[in-house]
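See structure below.
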Amino acid sequence: MDNRRNMYFYARKDDQTKEQISTLSDLAERYGFTIVRDSSAANIIVSVGGDGAFLQAVRKTGFRQDCLYAGVSTSGRRSLYCDFHIDDLSSMIEAMTKEKIEVRRFPTIQVSVDNEASFLCLNEFSIRSGIIKTFVMDVYIDELHFEAFRGDGMIISTPTGSTAYNKSVGGAVVDPMLSCMQVSELASLNNNRFRTLGSSFILSEERKLRLEITQDGNDYPVMGLDNEALGVSHVKTVDLMMSDQVVKTVKLKDNSFWEKVKRSFL
Ligand code: NAP
């Protein structure tokens, strides 16, 4: 790890956070890390905040494949992406200075809108009606027309995102050692004209999902990439599949995904 010691901090710019970062920087420099101001010069990117800050850090730095990401929580607890706590930074330095760092790889979803722009998601892609009316879309799995959906929308989550929005709508929690995406409905209408599966389903990394949005006046659905809104209107098709890009974090002892799930929910 000797040649990978450029550390970049991603955090809010308020006074309290600045002070926390200054303490963190001093400690890191004492252990031989160089603090860089430009994320492109970093090989370790540390978010300071919560899971929301971690999602932003990954997105704003471009889902770097040649970087390790670490989340430092500033609330009273560690969270899904925050393996470290601001009051116990020595454990982060210890993990980063280990001779052989074990890496955990989190799967991401690739989203293409109208065969043009392409984006990555670490938690989920969500699509929801932008107006009071329900909106309609045809759902294809590979080439198969699977269902005609009418309702509020859908969430397509990664395994690490399965404990977020997906879980709030009754989706299953999925082990991130499986590279797969989970499709969960938001208030589907089920009647003699519209019929959906009604339960969440999980697609393997070999599968592709296509959403074809019916242009019936509800052409401005609200689309979300993790915690960022996607500002595209008149969307006709959204294609989703597992990406070969991953988000790398440090693998720690006694901190498996299921330990995180237990400490967050049980
Ligand atoms: P937020 O609306 O301020 O907070 C959402 C909450 O979800 C926060 O407590 C956040 O943790 C937590 N969270 C984020 N990712 C998680 C994960 N993978 N597993 C478990 N909990 C997670 O928004 P935010 O903090 O920027 O987070 C964005 C995420 O919020 C979205 O990606 C989406 O999954 C989720 N969301 C959930 C709902 C819902 O449940 N009804 C609605 C919209 C969005 P921290 O407090 O540590 O940041």
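For the numbers below, each heavy atom of this structure counts, side chains included, while hydrogens, waters and symmetry mates do not. Both ligands and their constituent atoms are indexed starting at 1 by order of listing. Since we're looking at a predicted model, the values are computed, not measured.
Residue contacts with ligand 1 include Tyr81, since one of its heavy atoms falls under 4.0 Å from the ligand. The shortest heavy-atom distance from Arg77 to ligand 1 is under 4.0 Å.
Counting atoms of ligand 1 from 1 in the listed order, those under 4.0 Å from a heavy atom of Gly52 are 24 (P), 25 (O), 26 (O), 48 (O). Each of the atoms 26 (O), 28 (C) of ligand 1 lies under 4.0 Å from some heavy atom of Asn227.
Put simply, the side chain of Arg64 gets close to the backbone of Ser39: a donor and an acceptor are under 3.5 Å apart. A donor-acceptor distance shorter than 3.5 angstrom exists from the side chain of Thr97 to the backbone of Glu94, with no hydrogens or angles considered. Although no hydrogens or angles enter the test, the distance criterion places a donor-acceptor pair under 3.5 Å between the side chain of Glu147 and the main chain of Leu197.
Closest to atom 21 (N) of ligand 1 by heavy atom, among Asn123, Asp51, Leu80, is Asp51. When the options Thr163, Asn166, Asp226, Leu225 are ranked by their closest heavy atom to atom 19 (N) of ligand 1, first place goes to Thr163.
Contact annotation: for Glu124 versus ligand 1, heavy atoms closer than 4.0 Å belong to the side chain alone.
A salt bridge links Glu228 with Lys60; the closest basic N to acidic carboxylate O contact falls under 4.0 Å. A salt bridge does not link Asp152 with Arg128: every distance from a Lys NZ or Arg NE/NH1/NH2 to an Asp or Glu carboxylate oxygen is 4.0 Å or more. A salt bridge links Asp83 to Lys260: at least one charged side-chain nitrogen sits closer than 4.0 Å to a carboxylate oxygen. A salt bridge links Arg207 to Asp142: at least one charged side-chain nitrogen sits closer than 4.0 Å to a carboxylate oxygen.
Per-atom contact check: atom 47 (O) of ligand 1 touches the protein, criterion being a heavy-atom distance below 4.0 Å. There is a protein heavy atom closer than 4.0 angstrom to atom 14 (C) of ligand 1. Distance check on atom 25 (O) of ligand 1: some protein heavy atom falls below the 4.0 Å cut-off. For atom 8 (C) of ligand 1, the nearest protein heavy atom lies 4.0 Å or farther away. Distance check for atom 1 (P) of ligand 1: every protein heavy atom is found at 4.0 Å or beyond. Atom 42 (C) of ligand 1 is approached by the protein to below 4.0 angstrom, counting heavy atoms only. Counting protein heavy atoms under 4.0 angstrom from atom 32 (O) of ligand 1 gives one or more.
Annotation: atom 16 (C) of ligand 1 to nearest protein heavy atom, Ala164 CB, 3.6 Å. In this structure, the protein non-hydrogen atom closest to atom 38 (C) of ligand 1 is Tyr165 CD2, 3.4 Å. Looking only at protein heavy atoms, the nearest one to atom 40 (O) of ligand 1 is Ser168 OG, 2.5 Å.
For the residue pair Thr23/Gln20, the side-chain donor-acceptor check at 3.5 Å is not satisfied.
Each ring pair (Phe, Tyr, Trp, His ring centres under 6.0 Å) pair with one or both residues in residues 176-220, not counting sequence neighbours, appears once here: Phe146-Phe201, Tyr220-His234.
Between Phe54 and Tyr81, the two ring planes are parallel [angle under 30°; tilted spans 30° to 60°].
When the salt bridge (Lys or Arg N to Asp or Glu O under 4.0 Å) test is applied to Arg12, the partners found at least two apart in sequence or on another chain are Asp14.
The shortest N/O to N/O separation between Gly50 and ligand 1 does not fall below 3.5 Å.
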